[in-house]
Amino acid sequence: MKDPGWWRQAAIYQIYPRSFSDRNGDGVGDLAGVLSRVDHIAALDVDAVWFSPFSPSALTDGGYDVDDYRDIDPLIGTLAEFDALVAALHEHEIKVIVDLVPNHSSDRHEWFRAALASAPGSRERDRYLFRGGTGENGELPPNDWQAMFGGPAWTRVTEADGTPGQWYLHLFSTHQPDWNWANQEVRDDFLITLRFWGDRGVDGFRVDVAMGLAKDMSEPYPPWEQVGGFLFLALGADNPFGDGKHPLVDRDELTEIYAGWRQVFDGYDPPLFAVAEAWVEPHRRGRYANSKSLGQAFNFDLLYAQWDAATFRGVIQRNVDLASEHDTTSTWVLSNHDVVRHASRFAPPPDEPAEPGTTGDDSAGRALLGRGLARAEAAIMLALALPGSTYMYQGEELGLPEVTGIPAGKVQDPWAVVENGVMIAGRDGCRVPLPWTAGGVSFGFSAADAHLPQPDWFGSYSVETQVGDPSSTLCLYREALALRRTLQSEELLEWLELGPGVVAFRRPNGWISVTNFDADPVALPPGRVVLRSDRRDANEPLAAEATAWVLHSPGEAE
Ligand code: NOJ
């Protein structure tokens with residue numbers, strides 16, 4: 001029997017395949033590119049890799065618009081290359097997690113095309129959420145619900161005979177029709193998809209929009225005013241529908257759907273694993289994470305946490321408690337492909353005084369990044385020392401900041417906001433292809449220009465620049481992950497009181513992590529300092545905005 005709990009204390013590295021490494025020279029990352037960089041992943045000493053979607057897709061939402069769940073996009077590779085990549089990662093004892101997008105397909109999916117070609121009320125239409133319109137001739141959408149990416153959540157189709165017809169629901173873009181999870185064929189087909197990847201050797205799934213699959217589409221539809229505010233936010237005490245009863249998210253029927261998946265998972269040795277992207281009220285996370293369901297659920301609280309000791313401490317305590325209640329482990333996430341990179345997010349606002357030399361050479365994006373990076377390094381060391389799994393996003397091991405000022409013509413994200421010819425908000429800034437070399441075409445990412453433009457300063461963050469520099473962010477990540485492998489355990493934590501601006505805790509094996517959120521240096525507790533993000537000498541006080549790890553065995557002299 002292989003270890004069924006390998007994911008409980010794992011360090012997991014997220015790869016956004018189109019932006020990781022390109023081997024065939026078309027400017028878009030591919031599986032062969034990932035294969036050529038397995039050494040980089042192995043040197044990070046992570047337990048698993050999570051791949052964002054690589055299935056055939058028109059890329060209207062970065063691959064989260066899937067045409068075919070059981071294939072690879074030809075731009076990215078082939079199934080044979082995928083198999084080779086899984087084998088190479090497994091050889092390094094790195095597990096493989098793939099993204100599954102079950103809330104919606106793309107509008108190019110075979111079943112959606114079949115639905116369009118079939119009549120209202122047909123078996124083909126029933127796999128999606130088609131409804132008649134309102135207004136005199138059905139010219140208005142069935143209700144006032146809105147899509148996440150803006151505009152109505154309904155799009156009207158043209159029937160096969162050319163007349164304007166029904167409307168279909170899409171919580172995201174018009175190219176992402178929502179599946180009807182009340183339909184048995186849909187349910188069965190996803191079980192086939194789970195087995196397809198399980199049989200290919202993947203170890204688990206990251207489940208996109210896991211709280212969204214089940215829906216109550218009965219009339220009368222509640223108005224958006226009641227539904228919308230809760231769609232992706234906490235379904236809190238003021239949720240007018242009550243726990244599990246919101247029409248679009250976090251419904252009780254999900255339990256049964258995921259119990260069916262669990263049966264498939266448990267047919268493998270070790271059982272397949274899944275982590276839910278579930279934007280739900282924290283007390284509901286356990287419903288996705290428990291052992292009869294998916295296994296783990298993302299806690300995104302650190303993505304929204306301000307750089308503040310009390311906030312971090314509160315987030316940690318709450319999530320450790322919640323995970324224990326449901327016999328799972330928590331997840332810690334500082335960055336992913338949907339948010340501003342944390343080195344930029346944690347950069348202090350421009351009215352705070354910066355330390356000398358911390359304003360970068362790119363006026364648009366790099367101001368105050370020196371402190372942002374210091375905080376980012378401190379935060380990842382803190383996260384890696386916590387009980388549970390830490391999910392890291394490609395490029396954070398290089399300390400990459402967010403890329404700003406992407407020109408309008410290059411913007412890919414359907415959520416982007418463009419003003420005066422540049423993207424001012426959106427997710428492309430964290431999806432810019434990685435810099436592997438200090439110079440050259442696309443900084444070693446590809447033989448061609450990268451599909452999203454890389455700024456001139458990217459080379460200074462490259463792997464090549466950092467790998468031989470012991471004081472680099474990359475080396476800090478490698479050292480932290482290697483140490484974590486020897487220190488991490490199922491044991492929880494005990495808080496140490498070192499002052500209000502300090503988050504310090506100890507694991508029962510004597511592993512102490514101290515993070516200084518304050519401006520003044522802090523004396524470290526007794527013990528052997530094994531790693532510190534401020535790069536000071538072992539026995540010096542801990543600098544502001546830094547983390548140190550200290551080993552102090554129980555019973556050892558103070
Ligand atoms: C969450 C994914 O992380 C995001 O990138 C995507 O746009 C939405 N789900 C829709 O699939």
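Note that ligands are numbered from 1 as they come in the structure, with each ligand's atoms numbered from 1 the same way.
Within the listing of ligand 1, atoms 1 (C), 2 (C), 3 (O), 4 (C), 5 (O) sit less than 4.0 angstrom from a heavy atom of D338. Listed by atom number, the atoms of ligand 1 under 4.0 Å from R427 heavy atoms are 4 (C), 5 (O), 6 (C), 7 (O). Shown in contact with F172 at under 4.0 Å from a heavy atom are these atoms of ligand 1, numbered in order with element: 8 (C), 10 (C). The ligand atoms of ligand 1 that sit less than 4.0 angstrom from a heavy atom of H104 are 10 (C), 11 (O). Ligand 1 places these atoms under 4.0 Å from at least one heavy atom of R431: 5 (O).
Only the side chain of F149 comes within contact range of ligand 1, with a heavy atom under 4.0 Å; no backbone atom does. Of all the heavy atoms of E277, the ones lying under 4.0 Å from any atom of ligand 1 belong exclusively to the side chain. When non-hydrogen atoms are compared, ligand 1 lies under 4.0 Å from the side chain of V209 (C-beta onward) but not from its backbone.
Using a 4.0 angstrom heavy-atom cutoff, M148 does not count as in contact with ligand 1.
The main-chain N or O of Q176 is never found under 3.5 Å from a side-chain atom of D107 such that the two would form a donor-acceptor pair.
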Chi angles and distances behind the salt bridge (Lys or Arg N to Asp or Glu O under 4.0 Å) call for D45, R484
CA-CA 9 Å; D45 210 358; R484 181 187 192 271; over 6 Å; no
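Legend: residues meeting side-chain contact (heavy atoms from CB on, under 4.5 Å) with L79, ordered by chain and number and at least two apart, are D71, I72, F196, W197, R200.
Looking at F205 and V275, their side chains never come closer than 4.5 Å, going by heavy atoms from C-beta outward.
Under the side chain to side chain donor-acceptor pair (under 3.5 Å) rule, Y64 has a single partner from S55, S57, S52, which is S52.
Considering both main-chain and side-chain atoms, Q176 never comes within under 3.5 Å of ligand 1 through any nitrogen or oxygen pair.
Residues Q296 and Y391 bring a donor and an acceptor atom of their side chains to less than 3.5 Å of each other.
Looking at every heavy atom in both residues, D199 comes nearest to Y268 through OD1-OH, 2.6 Å.
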